[in-house]
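Quick notes on the structure that follows.
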Amino acid sequence: MPAPGTSTADFLRPNDGNEKDDDPDIEVEVLDDNWDTVAVFGQCQPSWLVGLGGASYAGISATEVEAACRLLQIPPMQWPDISQGIRVMSLASAEEYRQKR
């Protein structure tokens, strides 16, 4: 499980977001239509379920997505599309986490 306060975007960096990298900036091409979704994803904190078997990645909660949309001043009409994009990105990040374990 990453350190508390580690964003989903930081967690998915090659060093798991726990160590400082010599070159922390990774360039990725993002289509203009997807930019708001990527920006919201970068602001969100992942949720974890912790039990006797260890930590399990639970994705990103709807309240986290809403808070990030409000923080970034994204019009509410765009929230459903962004929420769907975050769901897709969250599933991909869960798979990445499973592979890193």
Side-chain angles (χ1 to χ4, degrees):
M1 184 166 90
T6 301
S7 73
T8 303
D10 286 339
F11 169 72
L12 292 176
R13 292 190 199 290
N15 64 9
D16 289 352
N18 291 327
E19 300 171 7
K20 294 298 178 194
D21 194 33
D22 291 340
D23 185 16
D25 296 327
I26 298 172
E27 290 188 28
V28 177
E29 185 176 349
V30 177
L31 298 174
D32 289 340
D33 291 346
N34 297 329
W35 183 249
D36 286 341
T37 301
V38 171
V40 169
F41 184 78
Q43 290 291 320
C44 291
Q45 298 292 318
S47 297
W48 295 88
L49 301 174
V50 181
L52 295 176
S56 177
Y57 180 69
I60 299 171
S61 70
T63 54
E64 189 75 23
V65 173
E66 180 183 355
C69 284
R70 289 179 186 275
L71 178 70
L72 296 172
Q73 299 179 350
I74 294 173
M77 290 180 63
Q78 293 179 14
W79 293 3
D81 289 338
I82 288 175
S83 179
Q84 186 64 26
I86 296 295
R87 183 174 293 127
V88 170
M89 293 176 77
S90 183
L91 289 172
S93 65
E95 181 60 31
E96 184 69 20
Y97 173 73
R98 278 191 284 280
Q99 290 178 3
K100 287 183 178 185
R101 279 181 89 182

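- Applying the salt bridge (Lys or Arg N to Asp or Glu O under 4.0 Å) test to R87 and every residue at least two apart in sequence or in another chain returns nothing.
- When all heavy atoms are compared, the tightest approach of S90 to F41 is N-CE1, 4.2 Å.
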N/O donor to acceptor pairs below 3.5 angstrom from side-chain atoms of residues 63-73, sequence neighbours left out:
from	atom 1	to	atom 2	distance (Å)
T63	OG1	S61	OG	3.1
E64	OE2	Q45	N	2.9
E66	OE2	R70	NE	3.0
E66	OE2	R70	NH2	2.8

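- Sorted by first then second residue, the salt bridge (charged side-chain N to carboxylate O under 4.0 Å, His left out) pairs that include residues 29-55, not counting sequence neighbours, number zero.
- No side-chain donor-acceptor contact under 3.5 Å links S83 to the backbone of P80.
- Listed by chain and residue number, nothing satisfies the side chain to side chain contact (heavy atoms under 4.5 Å, CB included) test with D81 (two or more places apart in sequence, or in another chain).
- Within the structure, the salt bridge (charged side-chain N to carboxylate O under 4.0 Å, His left out) test picks out no pair touching residues 40-54 (sequence neighbours left out).
- Every residue meeting the side chain to side chain contact (heavy atoms under 4.5 Å, CB included) condition with A58, not counting sequence neighbours, appears here in chain and number order: S47, L49.
- W35 and I86 fall within a single hydrophobic cluster, where Ile, Leu, Val, Met, Phe, Trp and Tyr are joined by side-chain heavy atoms under 4.5 Å apart, directly or via other members.
- M89 and V30 end up in the same hydrophobic cluster when Ile, Leu, Val, Met, Phe, Trp and Tyr side chains are linked at under 4.5 Å.
- Atoms OG1 and CD1, on T37 and I74 in that order, are 7.5 Å from each other to the nearest 0.5 Å.
- Distance check: I60 CD1 to L91 CG gives 10.0 Å after rounding to the nearest 0.5 Å.
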